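The next block holds one structure in the form of structure tokens; read it before the comments.
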Amino acid sequence: MRKYLLILLLSFFNAQDEYLVTVAATSYTDWVYFSIDQNSVIDIEDPENSLEWDLAFSRKHIKTNSGLSGIGNGGAYVDSLKVDGSNRLWSDEWGSLNEVPEDVEWLKDEVHYDIYDIITHTFVEGIKNPALNAWGWFDGNYQLIPTNYVIFVKAANGNDVIKFWAYDYYQNNAGGNISFRY
């Protein structure tokens, strides 16, 4: 009986919460900041100098509190290929993959030149995370298609790591409403 009780207690303490979140990131210019610890969107006055946020969203683009985006020790990692060369997808591995692979290279936020400027209708410079840029792509009809790649995100504190699966861009039939699971 004690053995079963110990197993039950260990599984309780090792259980991880899972969240489904939709962030309304519909602006082409403003970023929406998200705290993993608070499991919510938060207001940040000075995001470049704050450790309160972990992720930021603007349309399809996602930042981590790292590199050129903020003073945090966050980052992201995308693992899109299996050993056999096929795509490694959360749709196949969400329930079974619960550890970050060895030898992970955490990517920090950097400059990209694919931020759409709604005024000039051109692509301009912006800062975001290259690993999180892989969460989806626009097809020939300008429809965002999620990749479902295996992605991990490291929080601003540099210690906490989550599985991150952005799976929808069109919540309530409007683009920029990013639904994700972590």
Side-chain angles (χ1 to χ4, degrees), residues 21-36 38 40-81 87-90 104-158 161-182:
V21 178
T22 298
V23 172
T26 57
S27 174
Y28 284 88
T29 56
D30 298 328
W31 288 87
V32 177
Y33 294 89
F34 186 85
S35 166
I36 293 169
Q38 296 179 37
S40 68
V41 169
I42 58 174
D43 290 324
I44 299 292
E45 288 187 30
D46 186 11
E48 291 82 14
N49 294 304
S50 172
L51 291 174
E52 294 178 42
W53 67 277
D54 300 295
L55 293 164
F57 302 85
S58 178
R59 304 294 300 178
K60 174 208 181 279
H61 312 292
I62 307 173
K63 295 180 183 185
T64 60
N65 193 337
S66 70
L68 298 175
S69 291
I71 61 171
N73 291 313
Y77 166 75
V78 61
D79 186 355
S80 60
L81 295 178
N87 288 334
R88 190 167 192 187
L89 307 175
W90 278 133
V104 165
E105 180 184 347
W106 293 103
L107 299 181
K108 297 193 177 295
D109 292 16
E110 59 187 33
V111 173
H112 288 260
Y113 295 90
D114 64 346
I115 309 288
Y116 184 70
D117 184 323
I118 192 71
I119 305 297
T120 64
H121 300 288
T122 60
F123 291 98
V124 297
E125 176 182 295
I127 298 170
K128 62 182 177 174
N129 192 284
L132 294 174
N133 204 36
W135 85 267
W137 57 277
F138 288 100
D139 68 10
N141 295 317
Y142 304 103
Q143 188 79 14
L144 188 119
I145 310 297
T147 60
N148 300 316
Y149 289 154
V150 168
I151 297 176
F152 290 92
V153 170
K154 186 166 45 164
N157 65 20
V161 175
I162 61 165
K163 300 189 303 187
F164 179 83
W165 181 1
Y167 60 87
D168 192 9
Y169 182 74
Y170 298 102
Q171 191 70 15
N172 301 321
N173 295 317
N177 290 293
I178 301 173
S179 296
F180 62 96
R181 180 180 189 180
Y182 75 98

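Since the structure is predicted, the reported quantities are computational estimates derived from the model, not experimental observations.
For the pair Thr147 (side chain) and Trp135 (backbone), a donor-acceptor distance under 3.5 Å is present. Of the possible donor and acceptor atoms, one in the side chain of Ser58 sits under 3.5 Å from a partner among the backbone N and O of Asp30. Counting only distance, with no hydrogens or angles, the side chain of Asp117 and the backbone of Val124 share no donor-acceptor pair below 3.5 Å. Side-chain N or O atoms of Trp53 include none that pairs as donor or acceptor with a backbone N or O of Ile42 at under 3.5 Å. At least one donor-acceptor pair closer than 3.5 Å links the side chain of Tyr170 to the backbone N or O of Leu144.
Between Phe180 and Phe57, the ring planes lie parallel to each other; the angle is under 30°, not in the 30° to 60° tilted range. By the 30° and 60° cut-offs, the orientation of the rings of His61 relative to Trp31 is tilted. Between Phe152 and Trp90, the ring planes lie perpendicular to each other; the angle is over 60°, past the 30° to 60° tilted range.
Taking 4.5 Å as the limit, every side-chain heavy atom of Glu45 sits out of range of all side-chain heavy atoms of Asp43. Side chains of Trp165 and Asn148 form a contact here, defined as non-hydrogen atoms less than 4.5 Å apart. Counting only heavy atoms from C-beta outward, the side chains of Tyr116 and His121 approach each other to under 4.5 Å. Counting heavy atoms from C-beta on, the side chains of Leu51 and Ile71 come closer than 4.5 Å. Contact of the Phe34 side chain with the Ile178 side chain is not registered, since no non-hydrogen atoms from C-beta on lie closer than 4.5 Å.
Rounding to the nearest 0.5 Å places NZ of Lys154 at 13.0 Å from CD1 of Ile162. In this structure, CG in Asn87 is found 4.5 Å from OH in Tyr149, a value given to the nearest 0.5 Å. Rounding to the nearest 0.5 Å gives a distance of 5.0 Å between CG of Leu55 and CD1 of Ile36. Between Ser50 atom OG and Asn65 atom CG the span is 6.5 Å, to the nearest 0.5 Å. To the nearest 0.5 Å, atom CD1 of residue Ile62 and atom CG of residue Leu132 are 5.0 Å apart.
Residues that satisfy the side-chain hydrogen bond (donor to acceptor under 3.5 Å, both in side chains) test with Lys108, not counting sequence neighbours, are absent from this structure. For Tyr182, the side-chain hydrogen bond (donor to acceptor under 3.5 Å, both in side chains) partners at least two apart in sequence or on another chain are Asn39. Under the side-chain contact (heavy atoms from CB on, under 4.5 Å) criterion, Ile127 pairs with Leu68, Ser69, Asp109, Val111, sequence neighbours left out.
Here the closest non-hydrogen pair linking Arg181 and Tyr167 is N-CE2, 3.8 Å. Across all non-hydrogen atoms, the minimal contact from Ala131 to Ile151 is O-CD1, 4.1 Å. Across Asp139 and Ile145, no two heavy atoms sit closer than the pair OD2-CD1, 4.0 Å.
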Given the rule in the side chain to side chain contact (heavy atoms under 4.5 Å, CB included) test, do Val153 and Asn129 qualify, once you have shown the distances and angles that lead to the verdict? CA-CA 10 Å; Val153 170; Asn129 192 284; over 6 Å; no
Could you please spell out the steps behind the side chain to side chain contact (heavy atoms under 4.5 Å, CB included) verdict for Glu52 and Ile44? CA-CA 8 Å; Glu52 294 178 42; Ile44 299 292; 3.7 Å; yes
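Of the candidates Arg59, Gln143, Lys60, Arg59 is the only one forming a side chain to side chain donor-acceptor pair (under 3.5 Å) with Tyr169.
A donor-acceptor pair shorter than 3.5 Å cannot be found between the side chains of Asn177 and Thr22.
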